[in-house]
Amino acid sequence: MNHWIIVPLLLPLLAGMVNLLLVRRGHRPQRLVSLLATVGLLGVEIHLLRLADTAGIAVYRLGNWAAPFGIVLVLDRLSALMLLTTGVVALGSLLFAINGDDRLGPDFHVLFPLQLFGINGAFLTGDLFNLFVFFEILLIASYCLALHGGGPVRIRAGLHYVVLNLIGSSLFLIAIGTLYGVTGTLNMADLAVQVVASAPEQATLLRAGALLLLVVFGLKAALPPLHPWLPALYSGVVAPVAALFAIMTKVGVYAILRIYTLVFSRQGPAPDVAADWLLPMALLTLSVGAMGVLASRRLRVLVAYLVVVSVGTLLTGIAQFNVKGVAAALYYLPHTTLVTAGLFLLADLIAAQRGESSDAFSAGPPLVQPNQLGVLFFFGAVAATGLPPLSGFIGKLLLLQSVEPERTTWFWGVVLVGGLAGLVALSRAGTRLFWDTEGEVVIRTAAAGPGRLVPVTLLLLMIVAMTVCAAPISRYAEAAALQLLTPRGYIAAVLFPEQQP
Amino acid sequence: MELLASLTVAVLVTCGVYLALRARTFPVAVGLALLSYAVNLFLFFTGRLASGVPPLAGRTAVAADPLPQALVLTAIVIGFGMTAFVVILALRARGELGNDHVDGRGGKP
């Protein structure tokens with residue numbers, strides 16, 4: 001067994017506990033611990049990505065109990081990609097936070113690593129009930145991080161978020177109970193075997209369980225009509241938290257991709273349960289997100305709706321359940337996560353320099369640093385709308401190419417109009433924020449120092465890296481998609497480890 | 001016994017959903033607690049209903065399934081923690097927003 005697989009769980013958990021002990025020692029030691037843990041995590045995740053790419057599916061049996069009786073962690077190409085994306089976003093967000101946003105409340109450096117612990121756990125676990133537990137861990141941390149800084153806006157959005165997710169957790173448990181009642185197992189690989197082997201009269205129960213899970217993951221991923229919590233929450237929270245939350249909707253997308261390729265595959269009494277629902281849902285998400293982008297009156301709300309659009313775009317690829325579609329989505333996923341995270345941080349810098357106008361699209365005082373922020377904004381806008389030459393364009397091109405010919409009209413129409421809406425809204429936003437100025441510069445002190453500019457630039461520069469390395473990344477994404485769509489390999493690696501080479 | 005069990009879960013879910021849809025935070029918190037009770041019972045029942053059966057395979061013809069009991073234990077702990085969090089959050093919202101409406105408006109200040 002390769003013990004590196006459990007490090008993405010242990011490292012943030014330890015860092016969170018150490019930071020809890022350091023609460024009374026001020027923020028400096030806490031910052032150091034968080035930073036060391038996040039950088040270390042990034043290194044481990046790069047190692048795991050290479051491992052997943054070369055050594056196939058790796059299984060970590062906790063306490064060496066054999067699956068399906070023990071709990072397993074499974075590292076395949078998809079998990080490794082999600083882990084690395086989380087690591088990069090987390091580092092950018094933390095570097096931004098240590099410039100002062102972490103001092104708005106006492107517990108930022110305790111919650112931040114625990115949030116990473118939950119997210120990494122959800123990506124690695126191979127057990128449905130453990131997926132629930134890790135969801136709860138990341139939710140508890142996110143509830144508290146969402147309230148970081150306090151104030152009525154955050155409290156109200158946070159209350160809605162907490163109540164909705166508690167109901168979501170109840171539905172998740174009901175779905176788990178239903179599936180356990182039918183199959184007698186919760187290990188995902190074993191579930192896949194039992195679902196295929198179950199009797200035809202169980203099909204209704206299996207379908208009910210599967211679609212309940214879709215509701216839960218849809219809530220996490222903010223699919224309409226379960227999306228209104230997202231713009232309210234993401235536009236209100238502190239900037240580095242919003243940037244970290246950019247990965248949270250992707251946890252829902254990951255769960256959809258994992259469960260409906262592995263557990264509910266094309267065979268058995270309930271074939272393709274989610275496929276009929278996912279494509280219309282994805283196109284609806286894209287349309288609702290695009291309308292929200294056009295209707296936003298503040299930059300942070302606009303970026304929050306860009307998150308909804310990105311989830312819709314990802315799901316259009318995933319919903320096709322073919323190698324090309326899933327590969328396109330997997331190439332687009334890190335890109336869109338990094339862009340939205342970067343834009344959330346940038347929106348905070350812009351808002352800080354406009355005094356009372358903040359990030360509203362109305363005439364306001366000129367920015368202190370119009371050139372630096374303007375270049376970053378232009379860059380982010382090009383990346384977010386998927387214009388050439390950046391990786392958003394490549395991702396969308398792969399996505400459009402992956403559609404089956406009979407679906408092209410609808411699909412291309414919605415995806416392209418969604419992109420156009422983003423373009424129009426972001427051009428208007430840029431014009432208003434940077435050029436529609438009146439009066440004098442109000443707050444000279446709000447100039448962003450290198451400590452804040454560097455993380456934003458870092459996140460956006462990753463887009464350039466993704467564009468330059470498009471060939472190896474898309475090759476990796478294709479291999480990951482192939483691995484997902486032939487679940488036999490995953491099942492064999494978990495259940496029959498002795499037969500592995 | 002199956003009928004009684006499923007009726008109990010049904011009544012709890014109905015009350016929970018009704019209360020969770022109310023406009024004040026306190027009924028919502030109680031509704032969420034009722035929903036989590038219903039879920040815990042439901043999980044417990046997925047191990048099939050039987051009494052006086054040991055959770056050991058091979059001793060008797062039927063064996064009780066110990067796994068749902070473990071799941072329920074986890075779910076109870078998590079549900080309890082979450083309910084406590086919601087209550088505190090509701091109190092804080094009452095303080096910050098001046099009323100206990102879930103959207104922070106309406107009602108007397």
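Each chain gets a letter, A, B and so on, in the order the sequences are listed, and its residues count up from 1.
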What heavy-atom pair brings V102(B) and L159(A) nearest, and what distance separates the two atoms? O-CD2, 4.0 Å
Within a reach of under 6.0 Å around CZ of F44(B), are more than 12 heavy atoms found that belong to other residues, nucleotides or ligands? no
Quick check for you: among G184(A), G150(A), S170(A), which has the greatest number of heavy-atom pairs under 4.5 Å with chain B? S170(A)
Over 12 foreign heavy atoms within 6.0 Å of OH, Y143(A): yes
side-chain contact (heavy atoms from CB on, under 4.5 Å) assessment of H160(A) paired with D103(B): CA-CA 8 Å; H160(A) 293 179; D103(B) 286 335; 2.9 Å; yes
Less than 4.5 Å apart, any side-chain heavy atom of T74(B) and any of F132(A)? no
Donor-acceptor pair, side chain of R48(B) and main chain of G181(A), under 3.5 angstrom: yes
Mind running side-chain contact (heavy atoms from CB on, under 4.5 Å) on V39(B) and F172(A) for me, showing each step along the way? CA-CA 10 Å; V39(B) 167; F172(A) 200 170; over 6 Å; no
Closest non-hydrogen atom pair, G177(A) against L43(B): CA-CD2, 3.7 Å
Would L166(A) and F85(B) count as a side-chain contact (heavy atoms from CB on, under 4.5 Å) here? Give the steps. CA-CA 11 Å; L166(A) 283 184; F85(B) 186 81; over 6 Å; no
To check you understand the geometry: which heavy-atom pair defines the closest contact between A75(B) and L173(A), and what is its length? CB-CD1, 3.8 Å
Would you say the side chain of L89(B) lies within less than 4.5 Å of the side chain of L147(A), judging by non-hydrogen atoms? yes
Which of the residues I78(B), V13(B), V17(B), N40(B) is involved in the greatest number of heavy-atom pairs with chain A at under 4.5 angstrom? I78(B)
Run the side-chain contact (heavy atoms from CB on, under 4.5 Å) test on I140(A) and M82(B) for me, step by step, so that the C-alpha distance in whole Å, both residues' side-chain angles and the decisive distance to 0.1 Å come before the verdict. CA-CA 8 Å; I140(A) 297 172; M82(B) 290 299 187; 3.1 Å; yes
Which region of L171(A), side chain (C-beta onward) or backbone (N, CA, C, O), has a non-hydrogen atom less than 4.5 Å from a non-hydrogen atom of chain B, or is it both or neither? neither
Of all heavy-atom pairs between A20(B) and I167(A), which one has the smallest distance, and what is that distance? CB-CD1, 4.3 Å
Considering only heavy atoms, which portion of L71(B) lies under 4.5 Å from any heavy atom of chain A: side chain, backbone, both, or neither? both
Region of V163(A) in contact with chain B, defined by heavy-atom distances below 4.5 Å: both
Side chain, backbone, both or neither of S169(A) within contact of chain B (heavy atoms, under 4.5 Å): neither
Are the side chains of L67(B) and Y180(A) in touch, meaning some heavy atoms are under 4.5 Å apart? yes
